[in-house]
Every structure is written in C-alpha cells, then in structure tokens.
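What follows is one structure encoded as structure tokens, with my remarks underneath.
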There are 2 protein chains.
Amino acid sequence: MSDPFEATTATLKDVAREAGVSTATVDRVLHGRPGVRDATIRRVKDTIERLGFRPHAAAAELARGRSHRFCFVMPKNQNVFMAEIVEHISKVRVWLAARRTLVDVVETDVFDADVLAETLEEIGPRYDGLAVVALDHPRVRAAIDELVGLGVLVVTLVSDAPSSRRAYYVGIDNIAAGRTTGTLIGRFLGGRSGKVAVVAGSLSLRDHAERLFGVSQVISADFPNLDLLAPVEGRDDDDHNRALTRRLLDEHPDLVGLYNIGAGTTGIGTALIESGRAKDVVFVGHDLTPQTRRFLLLGVMDAVISQNPGHEARSATRVLLALSRNEPIVAEQEYIGIDIVIRDNLP
Amino acid sequence: MSDPFEATTATLKDVAREAGVSTATVDRVLHGRPGVRDATIRRVKDTIERLGFRPHAAAAELARGRSHRFCFVMPKNQNVFMAEIVEHISKVRVWLAARRTLVDVVETDVFDADVLAETLEEIGPRYDGLAVVALDHPRVRAAIDELVGLGVLVVTLVSDAPSSRRAYYVGIDNIAAGRTTGTLIGRFLGGRSGKVAVVAGSLSLRDHAERLFGVSQVISADFPNLDLLAPVEGRDDDDHNRALTRRLLDEHPDLVGLYNIGAGTTGIGTALIESGRAKDVVFVGHDLTPQTRRFLLLGVMDAVISQNPGHEARSATRVLLALSRNEPIVAEQEYIGIDIVIRDNLP
DNA sequence: CTGTTAGCGCCTTCAT
DNA sequence: ATGAAGGCGCTAACAG
C-alpha cells in the first residue's frame, strides 16, 4: 500500500470502475437493495473490501436531501431541570438547522395520562420522531405504540415507559439513583443513628417510585442504625415541601437524613436552614440548579444526584437522527450516568 | 400547504437571487472573504437574516472536500485507563472514516520530556492536528509551541501543559479531583480520627501534584481530626504500591484513609485485603477499570474518581475536527466532569 | 438485472 | 468587485 490515506479515500466511482459495474449497482449493493445478481453482489463487495471504501457521509446526506422534523413533548409547568433541557434544545437548533433538521417543543400535562396521550396522538403524526417525557400508563403506552405503528420514531426522555414500543430511553436508572442516595446518606452519617425521611413529588410517578425503592433497599439492608420513615408527598412544590419538612423536623428530633426524590428542593432547604439543623441533617436531592448549587456550597445539601440536561437533550436528538437515518447508535456515548455532585466537583 | 420547512431550507442560491448577486458573492460574505463592497455585504447579510439561511453542513463539507489527519500521542506503557482511551479511538475510526478523517495513535515515553518533545517534533508536521498526553515541561512546551507555529493544531489530553500554546485541554481539573477525594474520605470517616496516606505515581507529574494539592487543602482545612501523612511515590506500579501500602499499614496502626493518586490501584487493594483492614480504611482511587470496579463491589474501595475515557477520546477528536474546520466548539459538550463512582452508580 | 443521468448545496478557480 | 461554471461523492428516477 502506498499512501496510507488512499485506502480510505476511494470513492464509489472507483469501486464501480474496479468492479466493472455502474455506480448505481454499487449503490444498490451498498444498501442491500434488490435487483442485483448474487455474483455481482459478491464482486462488488470484494472490491469495496479491497479498496477499503467508505461512503462519504456528507455526500450521502446531501444527495439524499431529506429533512427531519422532531418534537420534544415536555411537562407544562416546567421545573428548573426541565427548563434546562428545553434551553439546551434551543442551543442544538443551530447545529440541527445546518443538517436540515427541525425540532419543536410542545408543552403538555405529562402527568395526566389522557392529556398526554391525546397530545401524542394529535401532534405525533406530523413528525418523524418524538422525544417524550413519558408517563408509564396504559393509555400513554397505547398512544406511543400507535405512533410507532404509523412509523413515527419515539424515544422516551427522563421518564420511561418500558413496556411500550418506544425505540430508546434517554435517562438514568432511577432505582440505582435511589440506591446511590441511600449509600451516600448512610456513609456520610458514619454510624450515627436516627431517622431518615423521604420527600417525593408523587409516588405514582414511576421515577419517584423507583428512587424510593432504591433508597429503601439500601438503607434497610446496609444501615441498621437508620430508620426510614414513611415517604411523604409534596407535589414537587416548594411551599408544600417547606411545610412538610418543618413538620418532619418537629416530629422527629432524631431526624438525621433527608432525601428529596423530586423537585421543590428549595422549600426543603429553606425549612432546614430555618430550623437551625441544616448541618445536623444529611440532605440529598436531585438535579443541579442555581439553588441546589448554592445549598451545596452552604453545606445545607451534602450531595446532589444529577443527570446532565444538556447531555440528555443532545442524546435524544442524536438518537432520533441516527434512528431515522438508519445509522448505528453509539450506546456508550448516549449512556446517561448518575452524577454525584458535591461541593468540590461542581461543574 | 407551503412547506413548513421553507424557512430553514433556503439555500445559498436563494439568497443570491433575493439579494441580486451571484452565489460566489454570497459565499464571500458568508465567510468574510475580501473583495466585496460594504454596501453589498450589508445587503447580503440582510437577506441571509431575512431568509433565515443556514449553510447546509453536508454540502459545505462535500464541496470543501478536505480530509484531515490527526494523531494521538499516548504513553508507551499503557495502564488500563490509557488503553481504554486508545480502544475508544478505534471505535471512532469508522465514524471518522466516513468524514475522510484519519487518526493514528503513536506511543512514546510521555514521561521523558526529551523523548516526548522529539516525538512531537518528528511526527507533528505530518498531521493536521495532535492530541497529546502532555508533560508540563519547558522542552515539551517549546515543541508544542513550535508545532502550533507551523499550523499544526495541538490539544492536550488528560494531562495539560497550560502555559503552552495548545488550543484546548481535554481532561479534568485535577485540583478539584483531589479536593473531591478529600471531602469523600473525610465525610465517609464521619468524625473518626487517624492518619490519611497518599500514594502518588510521581509528584513531578503535574496531574499528580495537583491532586495532592487538592486533597491536602481539604483535609487540613475541613477535617482537623485527620492527619495527612507525607505522600509516597510508587511509580504507578502494582508491586511497588503493594509494598508501600504494607509498610504504611504497619507503621500506622491508626491509618484510616488512603488515596491513590495515580495508577497501580490493584497493588494497594491487594495489600489492604491481605492486611485484613480493608473495611477499616476508607480507600479512594482513580479510574474505573475491571479491578477498581471489583474493589468497589467488594467494599475494598469506597469510591473511584473517574474521567470517562470514551468521552475524552470523542471529545478530543471533535475538538480537533471543529478547530480545523473553523467550526464552533460546544464547550458544554466537551466539558469533562469529575465522576464520583460508588458501588451503586457503577455504569 | 443493470446503466445513464441529473441533481443535492456549496466552494473554488477563472474570467470579466 | 463580481459573476459563470464545473465539480465534490452519492442517490434516485428513468431507461433499457
């Protein structure tokens, strides 16, 4: 071999010439389209192999000239985390525009199965693909499955509907997230005994229920010195959570740990500060926001469990793009990790 | 109905027609090339704005038709972490091949400034860009600067040379990584008193020195109950580290914490297990490997501080590509976080 | 079954 | 300072 680059610089035309066929035939073989004799297929494949030919992605994209329309279906009353995802979608728009891909965002009540399902049914068919913050409910599953049947790509985002026919889930393993919190609280307490409280938004949300499951597992299995209280629900609302926390602190002088499973962390942190017991209670919550960042630096929160909203926004679009172009997905790149953030590794 | 895509689908030709100029002129304006009257520039820019025109990335790439050659300069005696980066480079090769981009990997003694500098000087000019695991040394800096002067793009990887003219650093903030470890060890010990030992590969390596600095800061400032021993150096070698650890354990019956700053974690873990004190000593090290993963699950290690090798390999290539095409870098996407990995959030 | 041919949208000489 | 025209490598419609 001469120029080490030559191998990768062969074009489809080269292959055609070398194989003694037309470019159209090479193209057919390349994409497994019918209408080519087996013998010819083999000959072409050999030449491709021999020349180390790789189709030029940009040329293919240009020639295909398709454009894609995707839509993100997001919660209507966005908390900071969801708002950040939306913000990142906007940032990716420029990049996508240069690829003739358009992404819309619609907001709906993703917590009401009927409303969500209707939204999906209505807007779904207008798009090539959807990224949905899903509710795991039969009605929603049905809507997703129907769309998939119509040829619309569906990926779930942040919250999954595992039993649906969605093509992919972009988000974290919430049981593992709960377990992670359990271990952190237990370890940070270093043998101290007492009660651990859990505040959830709503336990009918799959991700909240899963996180609760995870934390319970770990606390009961590994930390006999700790006593997990029955979870309370605060609808992800700061005021509710503040009141709930106040009550928990009052009723349990021996409260040593606190886990906020959903949003509304500000309310809890405020109540903790007001009680003067912020430093005595190990407090872990989700999602890195200006508020939780502040709480970490103040020592009110001991850790934040976080999933990178930018990564999730990009990942969802990349996955949709790859799926609709029939390109492979780099699973490793799309994996969303459970980030543990403490004061010292704040991004 | 009119194509809802129309707005984003305007082409350079459309702009030319609307602005009453030729496509060549639009192209000139688009890329700020000289030879266009100010008035014309304004007119074209206005039309671009008005039509919401975005150049089609694929078309541009095709027309430009350039190809790129990059090279990763990696340590010769690769530890697992470095080997994983190399592995990921191979995975990206297919993707890159479709973009007429070739990446080589050369191995050299990156710990010897002269050898590294010579390698850089020798192979650098053959490439459009280099990703280098740098040693922060005057000789190396000079070599990097010279290459940059020749028009070769240089990014540093994992280990930086901040005062050189390298275009970018792909890697973590090592001081913060050290601080993170310090806090974790301190918190996990939950008030227990005793000594904390630090094993480094070599303190003349910038990243090792920085991690030491970080951990010292935190331990001395926030954990008066802990006593940081003078660091020992084990050259990232399992056998050395095992012997060192054995000695540390012997000499300090009150050793409660252990931080391995570099590689060779297996040796330390082995010594810990052999001593029977694995559960009594909080042990934190770097990089997720099959071994450290096992140690986490066994409870021998309490946390692993890790930087995602796949992310780093992709990031370095993306940055090199973006730089050489004069495209913007998505800083947020290329940020390498300090991952805290415990038993429960293992990927 | 296979080949011909006209683009896709942009970039780049080469003229003017 | 500006325009005309050819081509990058692949795809797809249309012939045969």
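To find a chain, count down the sequence lines: A is the first, B the second, and so on, and within it residues start at 1.
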Winner on side-chain proximity to R66(A), out of dG7(D), dT12(C), dA12(D), is dA12(D)
According to a strict under-4.0 Å criterion, is R64(A) in side-chain N/O contact with OP1 or OP2 of dC8(C)?
no
Would you say dG9(C) has OP1 or OP2 under 4.0 Å from some side-chain N or O of R100(A)?
no
Whole angstrom value for the distance that separates C1' of dT11(D) from CD of E61(A):
13 Å
Checking all strands, does G65(A) fall into the base, sugar-phosphate, or nothing category for heavy-atom contacts under 4.0 angstrom?
nothing
I41(A) CD1 to dT2(C) P: how many Å, rounded?
9 Å
When rounded to whole Å, the CD1 to C1' distance for the pair I48(A) and dC10(D) reads 13 Å
Can you check the L30(A) CG to dT11(D) C1' distance for me, whole Å?
11 Å
As an exercise, state the distance from NE2 of H68(B) to CG of L323(B), rounded to the nearest 0.5 Å.
11.0 Å
How close do V21(B) and R43(B) get, counting heavy atoms only, and between which atoms?
CG1-NH1, 4.0 Å
Divergence of helical axes at both termini of the helix from dC1(C)-dG16(D) to dT16(C)-dA1(D) - five pairs an end, 10° steps
30°
To the nearest 0.5 angstrom, please state how far the CD atom of E61(A) sits from the OG atom of S67(A).
11.0 Å
With a 4.0 Å cut-off, would you call E327(B) and R318(B) a salt bridge?
no
H31(B) side-chain N/O to dC11(C) phosphate OP1/OP2 under 4.0 Å
yes
Please compare T40(B) and L62(A) by the position of their nearest nucleotide in DNA chain D and report the one closer to 5'.
T40(B)
What integer distance in Å separates H56(A):NE2 from dT11(D):P?
11 Å
Pairwise distance OG1(T119(B)) to CD1(I123(B)) - rounded to 0.5 angstrom
7.0 Å
May I have the distance from R33(B) (atom CZ) to dT13(C) (atom C1'), rounded to whole angstrom?
12 Å
Atom CG of D14(A) to atom P of dC8(D): distance rounded to whole Å?
11 Å
Quick check on contacts: within residues 18-27 of chain A, what sits under 4.0 Å from DNA chain C by heavy-atom distance?
G20(A), V21(A), S22(A), T23(A), A24(A), T25(A)
Measure from NZ or CZ of R99(A) to the centre of the six-membered ring of W95(A), then state whether that distance is under 6.0 Å and the direction lies within 45° of the axis.
yes
Base of dG3(D), side chain of R28(B) - is there a donor-acceptor contact under 3.5 Å?
yes
Can you name the salt bridge (charged side-chain N to carboxylate O under 4.0 Å, His left out) partners of R28(A), sequence neighbours left out?
none
Round to the nearest Å and state the distance from F53(B) atom CZ to dC11(C) atom P.
7 Å
Check whether the side chains of S315(B) and E334(B) place a donor and an acceptor atom closer than 3.5 Å, and report yes or no.
yes
Donor-acceptor side-chain pairing of Q333(B) and H311(A) below 3.5 angstrom:
no
Roughly how far, to the nearest 0.5 Å, is CD1 of I172(B) from CG of N308(B)?
11.5 Å
